[in-house]
Amino acid sequence: MARKDVQRQLREQFIEENGIICLDNVSKAYSTGSPALNNVSLTIKPGEFVFIVGNSGSGKSTLIKLLLRELTASSGSVYVMGHDLSKIPRRKIPQFRRNLGVVFQDFRLLKDRNVFENVAFAQRVIQVPAKEIQRNVPAILSTVGLAGKYKSKPRQLSGGEQQRVALARALVNKPSILLADEPTGNLDPTNTWEIMNLLEEINANGTTVLVVTHNSEVVNAMQKRVITLKKGVIVSDEEEGGYIDED
(Lines give C-alpha, C1' and ligand atoms only; values in the text may rest on other atoms or scores of the structure.)
Protein backbone atom coordinates (compact mmCIF):
# COMPACT_ATOMS: atom_id res chain seq x y z
CA MET A 1 0.00 0.00 0.00
CA ALA A 2 1.31 3.45 -0.94
CA ARG A 3 2.42 5.77 1.85
CA LYS A 4 -0.28 8.34 1.01
CA ASP A 5 -2.97 5.66 1.23
CA VAL A 6 -1.67 4.58 4.64
CA GLN A 7 -1.66 8.19 5.86
CA ARG A 8 -5.22 8.69 4.61
CA GLN A 9 -6.41 5.55 6.38
CA LEU A 10 -4.75 6.65 9.61
CA ARG A 11 -6.44 10.08 9.38
CA GLU A 12 -9.82 8.47 8.70
CA GLN A 13 -9.36 6.19 11.71
CA PHE A 14 -8.38 9.15 13.88
CA ILE A 15 -11.45 11.12 12.76
CA GLU A 16 -13.73 8.16 13.53
CA GLU A 17 -12.26 7.81 17.02
CA ASN A 18 -11.57 11.45 17.94
CA GLY A 19 -13.73 13.68 15.73
CA ILE A 20 -13.17 15.80 12.66
CA ILE A 21 -12.13 18.66 14.98
CA CYS A 22 -10.36 17.88 18.23
CA LEU A 23 -8.73 20.24 20.73
CA ASP A 24 -6.80 18.61 23.57
CA ASN A 25 -5.96 20.96 26.47
CA VAL A 26 -5.29 23.86 24.12
CA SER A 27 -4.05 27.20 25.40
CA LYS A 28 -3.12 30.26 23.39
CA ALA A 29 -1.39 33.22 24.98
CA TYR A 30 -0.47 36.44 23.20
CA SER A 31 2.55 38.65 23.83
CA THR A 32 0.71 40.41 26.67
CA GLY A 33 0.78 37.11 28.55
CA SER A 34 -2.99 36.92 29.01
CA PRO A 35 -4.48 33.68 27.64
CA ALA A 36 -7.00 33.94 24.81
CA LEU A 37 -7.77 30.25 25.34
CA ASN A 38 -6.99 28.36 28.51
CA ASN A 39 -6.85 24.53 28.57
CA VAL A 40 -9.72 24.10 26.10
CA SER A 41 -10.71 20.57 25.11
CA LEU A 42 -13.52 19.78 22.70
CA THR A 43 -14.50 17.24 20.06
CA ILE A 44 -16.71 17.85 17.04
CA LYS A 45 -17.87 14.78 15.15
CA PRO A 46 -18.25 14.64 11.36
CA GLY A 47 -21.61 16.03 10.26
CA GLU A 48 -22.31 18.07 13.39
CA PHE A 49 -23.75 21.59 13.39
CA VAL A 50 -22.23 23.56 16.26
CA PHE A 51 -22.61 27.13 17.47
CA ILE A 52 -19.70 28.80 19.24
CA VAL A 53 -20.93 31.71 21.37
CA GLY A 54 -19.55 34.10 23.95
CA ASN A 55 -18.92 37.77 24.58
CA SER A 56 -16.17 39.79 22.90
CA GLY A 57 -12.81 38.63 24.21
CA SER A 58 -14.07 35.15 25.06
CA GLY A 59 -11.69 33.44 22.61
CA LYS A 60 -14.02 32.71 19.68
CA SER A 61 -11.88 34.41 17.02
CA THR A 62 -8.73 32.80 18.39
CA LEU A 63 -10.39 29.40 18.11
CA ILE A 64 -11.25 29.98 14.45
CA LYS A 65 -7.71 31.15 13.69
CA LEU A 66 -6.29 28.03 15.32
CA LEU A 67 -8.54 25.80 13.20
CA LEU A 68 -7.41 27.65 10.05
CA ARG A 69 -3.77 27.36 11.15
CA GLU A 70 -3.45 31.15 11.09
CA LEU A 71 -2.24 30.74 14.67
CA THR A 72 -0.58 27.85 16.49
CA ALA A 73 -1.39 26.82 20.05
CA SER A 74 0.94 27.82 22.89
CA SER A 75 0.30 24.39 24.39
CA GLY A 76 -1.93 21.41 23.76
CA SER A 77 -2.89 19.83 20.44
CA VAL A 78 -5.25 20.91 17.63
CA TYR A 79 -6.40 18.28 15.17
CA VAL A 80 -8.51 19.07 12.09
CA MET A 81 -9.51 16.27 9.71
CA GLY A 82 -6.97 14.04 11.39
CA HIS A 83 -4.09 16.47 10.88
CA ASP A 84 -2.01 17.57 13.86
CA LEU A 85 -1.82 21.26 12.95
CA SER A 86 1.44 21.78 14.85
CA LYS A 87 3.12 19.40 12.42
CA ILE A 88 1.92 20.85 9.13
CA PRO A 89 4.81 22.61 7.34
CA ARG A 90 4.07 26.19 6.31
CA ARG A 91 4.30 25.28 2.63
CA LYS A 92 1.49 22.73 3.05
CA ILE A 93 -0.97 25.01 4.85
CA PRO A 94 -2.75 26.10 1.60
CA GLN A 95 -3.27 22.44 0.69
CA PHE A 96 -4.69 21.73 4.15
CA ARG A 97 -7.11 24.66 3.85
CA ARG A 98 -8.63 23.28 0.65
CA ASN A 99 -10.85 21.07 2.80
CA LEU A 100 -12.10 24.06 4.80
CA GLY A 101 -14.76 26.47 3.64
CA VAL A 102 -14.77 29.84 5.40
CA VAL A 103 -17.44 32.57 5.47
CA PHE A 104 -16.92 35.92 7.21
CA GLN A 105 -19.21 38.72 8.34
CA ASP A 106 -17.82 41.19 5.78
CA PHE A 107 -18.22 38.88 2.73
CA ARG A 108 -14.67 39.60 1.38
CA LEU A 109 -15.73 39.52 -2.26
CA LEU A 110 -13.60 40.75 -5.16
CA LYS A 111 -15.39 43.99 -6.04
CA ASP A 112 -14.06 44.22 -9.59
CA ARG A 113 -15.25 40.72 -10.56
CA ASN A 114 -18.73 39.37 -11.17
CA VAL A 115 -20.45 36.64 -9.18
CA PHE A 116 -19.22 33.84 -11.44
CA GLU A 117 -15.61 34.99 -11.22
CA ASN A 118 -15.77 35.45 -7.43
CA VAL A 119 -16.80 31.82 -7.03
CA ALA A 120 -14.53 30.52 -9.79
CA PHE A 121 -11.56 32.17 -8.07
CA ALA A 122 -11.66 29.53 -5.32
CA GLN A 123 -11.41 26.81 -7.97
CA ARG A 124 -8.64 28.48 -9.94
CA VAL A 125 -6.52 28.77 -6.80
CA ILE A 126 -6.39 24.97 -6.60
CA GLN A 127 -6.00 24.61 -10.39
CA VAL A 128 -9.33 23.00 -11.21
CA PRO A 129 -9.60 22.53 -15.01
CA ALA A 130 -11.62 25.18 -16.85
CA LYS A 131 -14.25 22.68 -18.03
CA GLU A 132 -14.93 21.59 -14.46
CA ILE A 133 -15.18 25.21 -13.31
CA GLN A 134 -17.81 25.82 -16.00
CA ARG A 135 -19.85 22.98 -14.47
CA ASN A 136 -19.16 23.50 -10.80
CA VAL A 137 -19.78 27.23 -10.45
CA PRO A 138 -23.31 27.31 -11.96
CA ALA A 139 -24.22 24.26 -9.88
CA ILE A 140 -23.22 25.84 -6.57
CA LEU A 141 -24.80 29.18 -7.52
CA SER A 142 -28.05 27.32 -8.13
CA THR A 143 -27.72 25.68 -4.72
CA VAL A 144 -27.53 29.06 -2.96
CA GLY A 145 -30.31 30.58 -5.11
CA LEU A 146 -28.20 32.83 -7.33
CA ALA A 147 -28.38 31.06 -10.69
CA GLY A 148 -29.60 34.23 -12.40
CA LYS A 149 -27.03 36.57 -10.84
CA TYR A 150 -23.81 35.15 -12.23
CA LYS A 151 -22.97 38.26 -14.29
CA SER A 152 -23.69 40.75 -11.48
CA LYS A 153 -20.96 42.65 -9.65
CA PRO A 154 -21.03 42.68 -5.81
CA ARG A 155 -22.18 46.33 -5.73
CA GLN A 156 -25.32 45.31 -7.63
CA LEU A 157 -26.31 42.78 -4.98
CA SER A 158 -28.06 43.07 -1.63
CA GLY A 159 -26.22 42.15 1.55
CA GLY A 160 -27.97 38.80 1.67
CA GLU A 161 -27.04 38.05 -1.93
CA GLN A 162 -23.42 39.00 -1.30
CA GLN A 163 -23.31 36.57 1.62
CA ARG A 164 -24.75 33.88 -0.63
CA VAL A 165 -21.91 34.49 -3.09
CA ALA A 166 -19.43 34.18 -0.23
CA LEU A 167 -21.13 30.96 0.81
CA ALA A 168 -20.99 29.59 -2.74
CA ARG A 169 -17.28 30.42 -2.93
CA ALA A 170 -16.70 28.61 0.38
CA LEU A 171 -18.59 25.53 -0.80
CA VAL A 172 -17.56 25.17 -4.44
CA ASN A 173 -14.54 23.02 -3.55
CA LYS A 174 -16.77 20.68 -1.50
CA PRO A 175 -15.07 21.17 1.86
CA SER A 176 -15.45 18.70 4.71
CA ILE A 177 -15.85 21.57 7.20
CA LEU A 178 -17.51 24.97 6.88
CA LEU A 179 -16.40 27.65 9.34
CA ALA A 180 -18.77 30.63 9.49
CA ASP A 181 -17.55 33.60 11.54
CA GLU A 182 -20.52 35.90 12.30
CA PRO A 183 -22.06 35.07 8.89
CA THR A 184 -25.23 37.09 9.56
CA GLY A 185 -23.67 40.01 11.43
CA ASN A 186 -24.37 42.50 8.62
CA LEU A 187 -27.76 41.13 7.57
CA ASP A 188 -31.37 42.00 8.37
CA PRO A 189 -33.61 39.35 10.03
CA THR A 190 -35.05 38.04 6.75
CA ASN A 191 -31.66 37.51 5.12
CA THR A 192 -30.29 36.16 8.38
CA TRP A 193 -32.79 33.33 8.38
CA GLU A 194 -32.27 32.63 4.67
CA ILE A 195 -28.54 32.18 5.29
CA MET A 196 -29.08 30.05 8.39
CA ASN A 197 -31.53 27.82 6.51
CA LEU A 198 -28.91 27.39 3.79
CA LEU A 199 -26.31 26.43 6.37
CA GLU A 200 -28.73 23.86 7.78
CA GLU A 201 -29.29 22.40 4.30
CA ILE A 202 -25.54 22.23 3.71
CA ASN A 203 -25.13 20.44 7.02
CA ALA A 204 -27.91 17.99 6.15
CA ASN A 205 -25.87 17.01 3.08
CA GLY A 206 -22.96 15.95 5.28
CA THR A 207 -20.77 19.02 5.75
CA THR A 208 -19.65 19.73 9.31
CA VAL A 209 -20.72 23.29 10.14
CA LEU A 210 -19.23 25.49 12.86
CA VAL A 211 -20.86 28.90 13.36
CA VAL A 212 -19.50 31.70 15.54
CA THR A 213 -22.29 34.14 16.35
CA HIS A 214 -23.68 36.73 18.75
CA ASN A 215 -27.21 36.21 17.44
CA SER A 216 -29.06 34.78 20.44
CA GLU A 217 -32.38 34.58 18.57
CA VAL A 218 -30.91 32.28 15.92
CA VAL A 219 -29.08 30.11 18.47
CA ASN A 220 -32.16 29.71 20.67
CA ALA A 221 -34.46 28.93 17.76
CA MET A 222 -32.28 26.38 15.96
CA GLN A 223 -31.59 24.16 19.00
CA LYS A 224 -28.22 22.85 17.82
CA ARG A 225 -25.17 22.02 19.91
CA VAL A 226 -23.97 25.21 21.61
CA ILE A 227 -20.47 25.70 23.04
CA THR A 228 -20.15 28.82 25.21
CA LEU A 229 -16.77 30.44 25.83
CA LYS A 230 -15.98 32.93 28.60
CA LYS A 231 -12.53 34.44 29.08
CA GLY A 232 -10.91 31.62 27.13
CA VAL A 233 -12.66 28.75 28.92
CA ILE A 234 -15.59 26.55 27.88
CA VAL A 235 -18.31 27.22 30.45
CA SER A 236 -21.09 25.27 28.72
CA ASP A 237 -21.39 22.61 26.00
CA GLU A 238 -24.97 21.49 25.42
CA GLU A 239 -26.83 19.51 22.79
CA GLU A 240 -29.94 21.39 21.66
CA GLY A 241 -28.61 24.28 23.73
CA GLY A 242 -29.38 27.96 23.93
CA TYR A 243 -27.54 31.24 24.13
CA ILE A 244 -26.12 31.96 27.57
CA ASP A 245 -25.70 35.64 28.32
CA GLU A 246 -22.56 35.92 30.45
CA ASP A 247 -22.94 39.62 31.33
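None of the values given here were measured: they were computed from a predicted structure. Sequential numbering from 1 along the given sequence is applied to the chain's residues. Keep in mind that the numbers below use all heavy atoms, side chains included, and drop hydrogens, waters and symmetry copies.
- No donor-acceptor contact under 3.5 angstrom links the side chains of Tyr243 and Thr228, judged on distance only.
- Enclosure of atom CD in Glu217 is not indicated, since only 12 or fewer non-hydrogen atoms of other residues, nucleotides or ligands lie within 6.0 angstrom.
- Counting heavy atoms from C-beta on, the side chains of Val26 and Asn39 never come closer than 4.5 Å.
- Between the NZ atom in Lys230 and the OG atom in Ser236 there is a gap of 12.0 Å [rounded to 0.5 Å].
- Among all heavy-atom pairs drawn from Pro183 and Gln163, the shortest one is O-NE2, 2.5 Å.
- The neighbour count for Lys231 NZ, taken as heavy atoms of other residues, nucleotides or ligands under 6.0 Å away, does not exceed 12.
- Asp188 places none of its side-chain heavy atoms less than 4.5 Å from the side chain of Trp193.
- A donor and an acceptor atom, one from each side chain of Gln13 and Glu17, are located under 3.5 Å apart.
- One distance of note links CG of Leu141 with CG of Leu146; it measures 6.0 Å at 0.5 Å rounding.
- Of all non-hydrogen atoms in Leu68 and Arg97, the two that sit nearest each other are O-NE, 2.7 Å.
- Atom CD1 in Ile140 sits 5.0 Å away from atom CG in Leu171 (nearest 0.5 Å).
- A heavy-atom distance below 4.5 Å is found between the side chains of Glu48 and Arg225.
- Atom NZ of Lys153 sits in a crowded spot, with more than 12 heavy atoms from other residues, nucleotides or ligands closer than 6.0 Å.
- Under the 4.5 Å side-chain contact rule for hydrophobic residues, Val233 and Leu63 do not share a cluster.
- Side chains of Ser86 and Asp84: a donor on one and an acceptor on the other come within 3.5 Å.
- Here the side chain of Asp24 pairs no donor or acceptor atom with the backbone of Ser41 at under 3.5 angstrom.
- Phe107 approaches Ala166 most closely through the heavy-atom pair O-CB, 3.8 Å.
- In plain terms, the two heavy atoms of Leu100 and Leu67 that are nearest each other are CD1-O, 3.7 Å.
- Residues passing the ring pair (Phe, Tyr, Trp, His ring centres under 6.0 Å) test with Phe49, sequence neighbours excluded: Phe51.
- Here the closest heavy-atom approach between residue Ser152 and residue Leu157 is recorded as CB-CD2, 3.8 Å.
- Under 3.5 Å, the side chains of Gln123 and Asn173 contain a donor-acceptor pair of N or O atoms.
- Rounded to the nearest 0.5 angstrom, Lys60 NZ and Ile52 CD1 are separated by 10.0 Å.
- Nearest heavy-atom pair across Leu37 and Gly59 is CD2-O, 3.7 Å.
- Asn197 CG to Met222 CE: the interatomic distance, rounded to the nearest 0.5 Å, is 7.0 Å.
- With rounding to the nearest 0.5 Å, the separation of CD1 in Ile202 from OG1 in Thr207 is 7.0 Å.
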Handout entry: Criterion salt bridge (charged side-chain N to carboxylate O under 4.0 Å, His left out) on Arg164 and Glu194, from CA distance to verdict
Key = CA-CA 9 Å; Arg164 286 169 181 262; Glu194 288 180 356; 3.1 Å; yes
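- Salt bridge absent: Glu239 and Lys224 never bring a charged side-chain N and a carboxylate O closer than 4.0 Å.
- Heavy-atom neighbours of Glu16 CD from other residues, nucleotides or ligands within 6.0 Å: at or below the threshold of 12.
- Panel note: side chain Asn186, backbone Gln105; a donor-acceptor pair is recorded below 3.5 Å.
- In this structure, the side chain of Ser158 engages the main chain of Glu161 through a donor-acceptor pair within 3.5 Å.
- The number of heavy-atom neighbours closer than 6.0 Å to CD of Glu240, taken from other residues, nucleotides and ligands shown, is 12 or below.
- Side-chain contact check for Val50 versus Val211: every heavy-atom pair is 4.5 Å or farther apart.
- Taking the ring centre of Phe121 as origin, the terminal cationic atom of Arg124 falls outside the region bounded by 6.0 Å and 45° from the ring axis.
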